[in-house]
Amino acid sequence: MDNFLRYFYADIGQVFQAFVDLIAAIGNFLNYLLNFPMRMDNIKKYYQEFNTLEWVLLLLVNLALLALVGLMVWGIIRLCKKIFRFRISPKEYDEMAKQVRNLQRDLLRANYEKDKLLAMRVAEVGLEFGQKPEGLEEEQPEEAEQTDIAEYVPESNRNTVASPCVDPAESRFFRLTSVDNFYKTQYVAPPYNNTVTLEQMCEQFRMYSASQLGLYYDIDMMRHFVAAMGTARIIILQGISGTGKTSLAYAFGKFVQKDTTVVSVQPSWRERTELYGYFNEFTKKYSETDFLRAIYEGNYYRDPHIVILDEMNIARVEYYFAEMLSILEMPRQDEWKVDIVAATWDNDPCLIDRGTVQVPNNIWFVGTINNDDSTFAVADKVYDRAIPIDLDSRAEPFECPFTPPLYISTDHLNALFDEAKEQYPISQSMLDKLEMLNAYLNKNFRLAFGNRINKQIRDYVPCFVACGGTEIEAVDFIVAKKVLRKFESLSLGFMRDELTKFNTYLDKLFGKNTMVTCKEYVEYLKRNN
């Protein structure tokens, strides 16, 4: 203990003594600096012998000392202000910041709903782009002091904003928050052409693909593709490599001026997070995918949009796409919601509602399939919910005039599909023939039409006719792709005679050489089994 005390006195004691000396020195400095009588006595001792230059130097030295005193006083005052000024507690500050973020989200949601109502009103009265409906006055923002909350003022079809809602870098959803800011500050809806018909659309689509993209397709292929959009939300393009499966969906995106989102499926995909992403607990950020962004962004615009699942059967479709298959089966469109996060944070993107994202009705999913040894067989549950289209060969190049793209709204496109189903319903005679076909298949092959297929037939045939095709061509296609495809699950090696009789029955029931696609498919099954 004695050794420590000696050390303490020798080391720490000296440090303390130096500190005391420092304080004393500062006191002596202030004492002499502010002791004006003593300093005046010193001046009187020498000023009698000063010349002009020395008087000037005396004046400068004293002015410098006065400036030093003023600087010290100013520093002490500022220090006191910082120490004793009013401060809110960190808890109160966090609460105020939370309230501001909530107000930002609520304001964006309210303006989003308002824009939707305005678009619906415009669609009802059939106004041209840029016109205002009668009786619908544009709301004027109240004059208020500038705050951190963004104020959105609708101008026709455009939203302008004073400042972005949330800095993307501060949100766990960087890409989705960037989408919010873009559509609230820069997006302008295009002037849609709401006079085009489905038949005109198919013709223009074909000529646009040829004249601007160098992609050539038969007109029937365009009709099948557009009619499939009016029938189901999922379309499967299958065939050998190089026949233009991905290019067809890509060309449609270019045609309607809304670029297609291409999602390249990977062999390792096993679950939903491959499509929708996941929350990283380590970085506290959400790993966002192109698929999730396409669905989220689709809620902001009314253009039809295609999401391609390229090489979709390189992994098992029913594993990673099962949730979307179930969602699209919901009878009400407002029930099409994807669960993204368990709880919502204050600075999450504006359109995430209770942790879910709405799947809009302007999104169609197109899967491309190559049937080879490196891929998996697609389950019946996927085929039953989709419209499969075969692309086995390329069309021959043809000459056509330069054709511009088409701006068409999803509302008008869906209205054309609904109108087609009213104007061109499948005839009663054709329904009777399909019922007889169903009975024949049930008796001879133990196959039957399900309710889903029946509905798809009733939806597909009118849409195909409205696209410029005929009823028998539509029935031939949909029966081959949706009904006869189920033959692949049978032991056809022992049923060649039954298949031959079936082709004869098709000629008898529908007319000779009318069900061409069905008969060609049956012959294909006979050769390969």
Side-chain angles (χ1 to χ4, degrees), residues 192-206 208-209 217-237 248-249 251-253 255-256 302-306 328-329 331 333 360-367 383-391 406 408-431 433-434 449-483 485 510 514-518:
Y192 295 118
N193 180 355
N194 288 336
T195 61
V196 67
T197 65
L198 288 178
E199 185 173 4
Q200 293 170 344
M201 180 179 172
C202 293
E203 292 285 351
Q204 292 181 31
F205 181 23
R206 182 175 184 245
Y208 172 85
S209 299
Y217 297 96
D218 294 330
I219 186 60
D220 283 343
M221 181 58 62
M222 300 306 191
R223 292 168 179 166
H224 288 314
F225 185 81
V226 174
M229 293 178 65
T231 307
R233 288 286 153 180
I234 306 172
I235 302 171
I236 294 177
L237 303 179
L248 177 59
F252 184 83
F255 175 58
V256 298
R302 296 308 303 152
D303 311 64
H305 185 61
I306 300 294
L328 297 178
E329 283 294 291
Q333 198 267 332
N361 68 346
N362 59 344
I363 301 288
W364 280 265
F365 304 98
V366 175
Y383 269 118
D384 286 347
R385 291 164 172 78
I387 301 297
I389 302 175
D390 290 333
L391 283 83
L406 173 69
I408 183 172
S409 70
T410 306
D411 300 319
H412 179 63
L413 183 59
N414 288 333
L416 290 178
F417 291 142
D418 293 338
E419 182 181 352
K421 294 167 188 178
E422 293 180 3
Q423 292 186 357
Y424 307 105
I426 188 169
S427 63
Q428 187 58 48
S429 61
M430 184 60 71
L431 290 175
K433 292 177 182 179
L434 290 173
F449 297 4
N451 292 331
R452 183 183 291 111
I453 293 179
N454 276 323
K455 182 182 184 303
Q456 290 174 345
I457 291 175
R458 291 173 181 269
D459 290 341
Y460 181 85
V461 173
C463 292
F464 186 83
V465 173
C467 289
T470 63
E471 183 181 66
I472 189 62
E473 289 175 335
V475 171
D476 180 28
F477 172 85
I478 199 71
V479 169
K481 305 306 178 185
K482 299 295 296 182
V483 180
R485 187 196 60 80
F510 294 97
T514 55
M515 303 289 281
V516 178
T517 305
C518 288

- request: Looking only at non-hydrogen atoms, find the nearest pair between Tyr208 and Ala251 and report the distance.
  value: CE2-O, 4.2 Å

- request: Please name the pair of heavy atoms, one in Leu237 and one in Val366, separated by the smallest distance, quoted to 0.1 Å.
  value: CD1-CG1, 3.7 Å

- prompt: How about Val475 and Thr514: do any of their side-chain heavy atoms sit closer than 4.5 Å?
  reply: no

query: Asp390: what forms a salt bridge (Lys or Arg N to Asp or Glu O under 4.0 Å) with it, not counting sequence neighbours?
result: Lys481

query: What pairs with Ala480 under side chain to side chain contact (heavy atoms under 4.5 Å, CB included), at least two apart in sequence or on another chain?
result: Thr517, Cys518

task: For Asp303, check salt bridge (Lys or Arg N to Asp or Glu O under 4.0 Å) against everything at least two apart and list the hits.
output: none

query: With Phe252, which residues qualify under ring pair (Phe, Tyr, Trp, His ring centres under 6.0 Å), at least two apart?
result: Phe205, Phe225

- prompt: Side chains of Met229 and Leu413: does their closest heavy-atom pair fall under 4.5 Å?
  reply: yes

Salt bridge (Lys or Arg N to Asp or Glu O under 4.0 Å) involving Arg206 - partner list, sequence neighbours excluded: none

task: Give, for atom CG of Leu406 and atom CE of Met201, the distance between the pair rounded to the nearest 0.5 Å.
output: 6.5 Å

- prompt: Where the side chain of Lys482 meets the backbone of Ala386, is there a donor-acceptor pair that is under 3.5 Å apart?
  reply: yes

field: Set of side-chain hydrogen bond (donor to acceptor under 3.5 Å, both in side chains) partners for His305, sequence neighbours left out
entry: Thr261

- prompt: Taking only residues two or more places apart in sequence or in another chain, which ones pass side-chain hydrogen bond (donor to acceptor under 3.5 Å, both in side chains) with Glu199?
  reply: none

statement: Tested for side chain to side chain contact (heavy atoms under 4.5 Å, CB included) against Phe477, the lone hit among Ile389, Val461, Asp220 is Ile389

task: Not counting sequence neighbours, which residues clear side-chain hydrogen bond (donor to acceptor under 3.5 Å, both in side chains) with Gln423? List them please.
output: Glu419

- request: Taking the side chain as every heavy atom from C-beta outward, state whether Leu328 and Arg385 have any atom pair closer than 4.5 Å.
  value: no

message: Nearest 0.5 Å, please: how far is CD1 in Ile478 from CD1 in Ile387?
response: 4.0 Å

- line: Across all chains, not counting sequence neighbours, the side-chain hydrogen bond (donor to acceptor under 3.5 Å, both in side chains) partners of Tyr383 are Gln238

Residue pair Lys421, Val465: steps toward the side-chain contact (heavy atoms from CB on, under 4.5 Å) verdict: CA-CA 9 Å; Lys421 294 167 188 178; Val465 173; over 6 Å; no

field: Flag, side chain of Glu203 to backbone of Ile219, donor-acceptor distance under 3.5 Å
entry: no

- request: Could you tell me whether Arg458 atom CZ has more than 12 heavy atoms of other residues or ligands within 6.0 Å of it?
  value: no

query: Looking at Val196 and Leu416, what are the two nearest heavy atoms and their distance?
result: O-CD1, 3.5 Å

query: Are the side chains of Leu391 and Tyr217 in touch, meaning some heavy atoms are under 4.5 Å apart?
result: yes

task: Please name the pair of heavy atoms, one in Leu248 and one in Met222, separated by the smallest distance, quoted to 0.1 Å.
output: CD1-SD, 4.0 Å

- line: So CH2 of Trp364 and CD1 of Ile234: to nearest 0.5 Å the spacing works out to 13.0 Å

query: For Cys467, does its backbone N or O pair with a side-chain atom of Arg223 as donor and acceptor, under 3.5 Å?
result: yes

message: My understanding is that only residues two or more places apart in sequence, or in another chain, count here; which of them pass salt bridge (Lys or Arg N to Asp or Glu O under 4.0 Å) with Arg452?
response: Glu329

query: According to the salt bridge (charged side-chain N to carboxylate O under 4.0 Å, His left out) rule, which pairs have a member within residues 468-479, sequence neighbours left out?
result: none

Within residues 224-235 or reaching into it, pairs that qualify as side chain to side chain donor-acceptor pair (under 3.5 Å) - sequence neighbours excluded: His224-Tyr460

- prompt: At their closest point, which heavy atom of Phe464 faces which heavy atom of Ala474, and how far apart are they?
  reply: CD2-CB, 3.6 Å

task: Please step through side-chain contact (heavy atoms from CB on, under 4.5 Å) for the pair Val479 and Leu434, ending with a clear verdict.
output: CA-CA 9 Å; Val479 169; Leu434 290 173; 3.9 Å; yes

query: What's the shortest heavy-atom distance between Ser409 and Tyr192, and which atoms?
result: N-CD2, 3.5 Å

Euclidean distance, Arg485 CZ relative to Ile453 CD1, rounded to 0.5 Å: 8.0 Å

